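Quick note: numbers below take in every heavy atom, side chains included, and nothing from hydrogens, waters or symmetry partners. None of the values given here were measured: they were computed from a predicted structure. Here, residue 1 is the first one in the sequence, and each next residue gets the next number.
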Amino acid sequence: MSRLSELLTGIRTTLGDLRAQKFDESTLLSLIDEGQKDIAMRTRAYKGDIVLDLFATEHIIELPEDVDIVLRASIDEIELPLISYDELDAKHQKESKYGPPRFIIYDKLIPRQLRLFPNTNEDALNTVYGVVTDIDNTELIPTVGEICTIVGSEPLTHIEGVFGVVTAISVNKLRIQYSKIPPTITSVEDSSKLVFSHIFDQTLKFYASGKAFRIGRDTANRAAATEELMMYERDLAAIMKKANTNSASTRNQYTVHYNGGLT
């Protein structure tokens with residue numbers, strides 16, 4: 001029997017519905033999924049870690065769909081403070097809007113978007129070869145010589161000019177550590193999508209049973225729902241008190257563009 005099948009049996013036992021006459025499988029699976037997402041949101045025990053390449057074009061960073069909330073951000077392992085737009089206006093409004101990034105502007109109501117501050121201006125892209133004005137399939141021919149054709153969003157690796165040859169351009173790395181949203185459970189075959197260990201199975205059973213009881217409209221069901229959800233809260237608190245919450249971390253590689261400058 002799969003782990004999800006065992007969970008369903010335990011939930012149906014609590015609900016007095018072993019013959020599946022009151023609740024269909026999809027309803028109970030959706031409650032298990034909801035419970036797992038609630039545990040992830042409240043404990044932040046399911047974490048992600050991504051590394052983004054920064055290029056000299058954009059300062060707004062779009063994050064993956066599984067980001068719940070950003071916990072930490074760093075560029076080349078140097079941590080940047082996460083601040084809100086209100087904090088920026090209150091504390092940093094007199095600072096220059098241009099230059100290397102010193103803060104990450106992060107709105108928790110838009111959890112999958114970051115903005116690096118300050119921004120670079122046009123002068124940041126000036127080089128001895130000329131001024132970069134476009135980097136989308138454009139051939140640049142400044143007064144001091146021909147650079148080359150810059151294609152798409154790939155970084156330059158070879159530039160020829162009258163002053164010599166640039167053979168490498170460093171690319172900054174933005175590392176984002178965040179609380180992840182677990183994958184959605186839709187089938188009894190989705191046991192692999194249970195991202196937490198077996199110690200949370202009882203917790204999930206309390207949650208799903210309590211929510212299922214709430215579907216019922218009679219007073220007895222409401223009382224049972226309250227009891228199960230109180231057990232959920234108590235069980236979750238007990239687990240998190242004794243457990244190491246550094247579970248399930250992944251690292252992915254994404255590519256974005258940013259004003260990182262040329263070095």
What distance separates [X] [atom1] from [Y] [atom2], expressed to the nearest 0.5 Å?
X      : Y      : atom1 : atom2 : result
Arg12  : Lys22  : CZ    : NZ    : 11.0 Å
Arg102 : Ile75  : CZ    : CD1   : 11.5 Å
Ile39  : Leu236 : CD1   : CG    : 6.0 Å
Glu6   : Met1   : CD    : CE    : 6.0 Å
Leu4   : Glu189 : CG    : CD    : 9.0 Å
Leu52  : Glu62  : CG    : CD    : 11.0 Å

Let me check something: do [X] and [Y] share a hydrophobic cluster, defined by ILVMFWY side-chain heavy atoms less than 4.5 Å apart, either directly or through other members?
X      : Y      : answer
Met230 : Ile239 : no
Leu174 : Leu82  : yes
Leu194 : Tyr232 : yes
Tyr178 : Met41  : no
Ile215 : Phe213 : yes

To check you understand the geometry: which heavy-atom pair defines the closest contact between [X] and [Y], and what is its length?
X      : Y      : answer
Ser5   : Val188 : OG-CG2, 3.3 Å
Ala225 : Gly210 : CB-O, 3.3 Å
Pro111 : Leu63  : O-CD1, 3.9 Å
Leu28  : Ala212 : CD2-CB, 4.3 Å
Tyr46  : Ala40  : CB-CB, 4.5 Å
Leu204 : Gly35  : CD2-C, 3.6 Å

Does the side chain of [X] reach to within under 4.5 Å of the side chain of [Y], using non-hydrogen atoms?
X      : Y      : result
Lys205 : Thr14  : yes
Arg214 : Asn221 : no
Ser84  : Ile105 : no
Phe196 : Asp201 : no
Lys47  : Lys180 : no
Ile69  : Tyr106 : yes
Val195 : Pro183 : yes
Ile185 : Gln36  : yes

Main-chain N/O of [Y] paired to [X] side chain as donor or acceptor, under 3.5 Å:
X      : Y      : result
Ser209 : Phe206 : no
Asp17  : Phe23  : yes
Arg112 : Glu65  : yes

Practice prompt. Start with the C-alpha distance between Ile32 and Leu7, add both sets of side-chain angles, then the distance that settles side-chain contact (heavy atoms from CB on, under 4.5 Å), and finish with yes or no.
Written response: CA-CA 9 Å; Ile32 292 172; Leu7 267 173; 4.2 Å; yes
Discussion item. I'd like to check the side chain to side chain contact (heavy atoms under 4.5 Å, CB included) partners of Glu34; sequence neighbours left out, ordered by chain and number.
Written reply: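 Once residues adjacent in sequence are excluded, the partners of Glu34 under the side chain to side chain contact (heavy atoms under 4.5 Å, CB included) criterion are Leu31, Tyr207, Lys211.
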Item to complete: State whether Glu79 and Arg72 are salt-bridged, where the test is any N-O pair (Lys NZ or Arg NE/NH1/NH2 against Asp/Glu carboxylate O) under 4.0 Å.
Response: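 Salt bridge: yes.
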Practice prompt. Give every residue pair that meets the salt bridge (charged side-chain N to carboxylate O under 4.0 Å, His left out) criterion with at least one member in residues 225-236, sequence neighbours excluded.
Written response: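 As it turns out, the salt bridge (charged side-chain N to carboxylate O under 4.0 Å, His left out) pairs with a partner in residues 225-236, which skip direct neighbours, are Arg42-Glu233.
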Worksheet entry | Contact list for residues 23-33, test salt bridge (charged side-chain N to carboxylate O under 4.0 Å, His left out), sequence neighbours left out |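 The answer is Asp33-Lys37.
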List the residues meeting salt bridge (Lys or Arg N to Asp or Glu O under 4.0 Å) with [X], not counting sequence neighbours, and say none if there are none.
X      : answer
Asp68  : none
Lys193 : Asp190
Asp107 : none

Fill in: Ile78, CD1 atom: more than 12 neighbouring heavy atoms under 6.0 Å
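No.
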Practice prompt. Check Ile104, Ile176, Leu114 against Ile61 for a side chain to side chain contact (heavy atoms under 4.5 Å, CB included) and give me the one that passes.
Written response: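 Only match with Ile61 under side chain to side chain contact (heavy atoms under 4.5 Å, CB included): Leu114.
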